[in-house]
2 protein chains.
Amino acid sequence: MQQYMQILKNTKLFSGVREEEIETMLICLGATLHQYKKGDYVFRTGEYIHNLTVLVEGSLHIQKDDYWGNRAILGHIAVGEMFGEAYLSPDSGPLPNDVVALKDSCVIFFDVDRILSVCTSACKFHSLTVKNLFFAVSEKNRRLVAKLGHISNRTTREKLLSYLSDEAKRSKSSSFFIPFNRQQLADFLSVDRSAMSNELCKMRDEGLMEFNKNHFTLL
Amino acid sequence: MQQYMQILKNTKLFSGVREEEIETMLICLGATLHQYKKGDYVFRTGEYIHNLTVLVEGSLHIQKDDYWGNRAILGHIAVGEMFGEAYLSPDSGPLPNDVVALKDSCVIFFDVDRILSVCTSACKFHSLTVKNLFFAVSEKNRRLVAKLGHISNRTTREKLLSYLSDEAKRSKSSSFFIPFNRQQLADFLSVDRSAMSNELCKMRDEGLMEFNKNHFTLL
DNA sequence: ACAAGTCGGTTGTATTTACAACAGAAAGAG
DNA sequence: CTCTTTCTGTTGTAAATACAACCGACTTGT
């Protein structure tokens, strides 16, 4: 797990914790390394999870498929981000969605009970960890609200503009990459891919934006 | 603030804290009582907030109006619930939506800095409070994901069924009240009111459900 | 009791979206 | 390199939605 120290150092979970201390905490929190092939399920809908998960290599999608085969992409997890923070509470029910590896991926599991119970040994970072987790869930919360803001627009064009301006703001540039291809973006915004593609091209022709694959420039 | 002790005792924020201890904490956390008339804004989009808010009387909506006057209702806050947990982090930006009183309401503000900084005095409940906050944001997080699940359905009927079955599950009964009138439900699900009303009546005629005002029974 | 306002349901039409199908470009496998 | 697969854009049609307008039932305030 040593090899991933640089990534762990920069995670929200270990914010404010020094490298040597992280090493101690890896043991203290019962960290274990797991590997997944592209397309593998890390978690499935309905599972009760007992781990906090940090992605150290690859890429994950949080998604949900309905009876009719429609897929909704609820989120995207990049290296250094975590998953499952919101399901550590004792009263959280089963997982409502799947977590799938987009590429070959490595994740580190942390034991819930060890995170939330007070550690009697030398590890004095539990309260900091809980605070970090609180901040992390808060941020995810704000992102979810932002996403709701995009999706609750009525038309495909409005959803696109809302999402793209948000991405531009996040990257502090009118030129940016998005972590989706067309189908994934459509699933993320809950719209039809072809209708969305159509709308994107219209906006390009109207001079509102330029794009190439997953690189966009707002004008 | 004494008069609201019964409500405070049962909030997520003070879960596991005894009544006498809550009294101490009210002072320790810098609690102040604020009153609002029906229609008043508790917070406005763009504000930077520095308080955790607990509703002790009345009813609030979290909502967002766009340029064209469309209103999206992002959430509903009932007595005993709180607002602002997700905006306590130092890096949280401005509030992305309005919080409005639906009825005459009373809220208690708690000072962020006092919640998150370690209290040097006798008050030993800070770490418990942060943990409680963590659980609270986690739950709100799960609710947001659930709401995303409803909204990301493609048709009005699917959104309605998704939302209503969720409410039925939450109330553990096929018969339940929802906290919205028709317009508000439409705003919550991001659909057109008349189209939704139409769809509801169709489903009633098909024998899928019965309803009267905001009371629903799934069959 | 009356007037004004709110709420829920209904309808028709214009607009938008979903779906299916296809073609060229790009990427990946052997 | 060639074949296969994936990705993106395009089009036409069927279906769903938004919008406006209207009505009757019910509330609220005076």
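Reminder, nothing fancy here: chain letters follow the sequence lines and each chain counts from 1.
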Tell me the interatomic distance from B:Glu158, atom CD, to C:dT17, atom P, rounded to whole angstroms.
17 Å

For B:Leu208 and B:Arg157: C-alpha separation, side-chain torsions, deciding distance, then whether side-chain contact (heavy atoms from CB on, under 4.5 Å) applies.
CA-CA 11 Å; B:Leu208 286 175; B:Arg157 172 176 291 229; 3.9 Å; yes

Measure the acute angle between the ring planes of A:Phe180 and A:His76, then classify it against the limits of 30° and 60° as parallel, tilted or perpendicular.
perpendicular

A:Asn198 side chain N/O closer than 4.0 Å to the phosphate oxygens (OP1, OP2) of D:dT10?
no

Considering only heavy side-chain atoms of B:Asn181, the closest of D:dC7, C:dC7, D:dT17 is C:dC7

D:dA18, C:dG8, C:dT17: which one has an atom nearest the side-chain heavy atoms of B:Val191?
D:dA18

Hey, what are the protein-to-nucleotides 21-30 of chain C N/O distances that come in under 3.5 Å?
{"unit_1": "C:dA26", "atom_1": "O3'", "unit_2": "A:Lys213", "atom_2": "NZ", "d": "2.9"}
{"unit_1": "C:dA27", "atom_1": "OP1", "unit_2": "A:Lys213", "atom_2": "NZ", "d": "2.5"}

Taking any heavy-atom pair under 4.0 Å as a contact, classify A:Asp192: base, sugar-phosphate, or nothing.
base

Would you mind telling me which of D:dA16, D:dG9, C:dT16 lies closest to the side-chain atoms of B:Thr155?
D:dA16

Pair A:Phe109 and A:Phe43, ring centroids less than 6.0 Å apart:
yes

Could you give the NZ-to-C1' distance, from A:Lys38 to D:dT5, as a whole number of Å?
11 Å

Counting only heavy atoms from other residues, nucleotides and ligands, does the tally under 6.0 Å from CZ of A:Arg18 exceed 12?
no

Name the closest nucleotide to the A:Ala195 side chain, picking from C:dA18, C:dT16, D:dG9.
C:dA18

Would you check if there is a donor-acceptor pair between the side chains of B:Thr53 and B:Asn51 at a distance under 3.5 Å?
no

Tell me the closest heavy-atom pair linking B:Ala101 and B:Ser105, and the distance in Å.
CB-OG, 4.0 Å

Taking the cut-offs as 6.0 angstrom to the six-membered ring centre and 45 degrees off its axis, would you call B:Lys12 and B:Phe135 a cation-pi pair?
no

Ignoring backbone atoms, establish whether A:Thr156 has a side-chain N or O less than 4.0 Å from OP1 or OP2 of C:dT17.
yes

Partners of A:Tyr36 by ring-ring contact (aromatic ring centres under 6.0 Å, His included), sequence neighbours excluded?
none

Consider only side-chain N and O atoms of B:Gln6 and B:Asn10, and report whether a donor and an acceptor are under 3.5 Å apart.
no

Hey, does the side chain of A:Gln184 reach the backbone of A:Asn181 with a donor-acceptor pair shorter than 3.5 angstrom?
yes

Protein-nucleotide distance (B:Gln184, atom CD; C:dT6, atom C1'), rounded to Å:
12 Å

CG of A:Asn214 versus P of D:dT8: gap in Å, rounded?
8 Å

For the helix from C:dA1-D:dT30 to C:dG30-D:dC1, how many degrees between its two end axes (five pairs per end), to the nearest 10°?
60°

Provide, to the nearest angstrom, the distance between the CD atom belonging to A:Gln183 and the C1' atom belonging to D:dC7.
10 Å

Output the rounded distance in Å from CG (B:Asp205) to C1' (C:dG9).
11 Å

Could you check how far CE of A:Met196 sits from P of C:dT17, rounded to whole Å?
12 Å

Give a yes/no on whether any side-chain N or O of A:Arg182 is located under 4.0 angstrom from OP1 or OP2 of D:dG9.
yes

Separation of C:dT16 atom P from A:Glu199 atom CD, nearest Å, is 8 Å

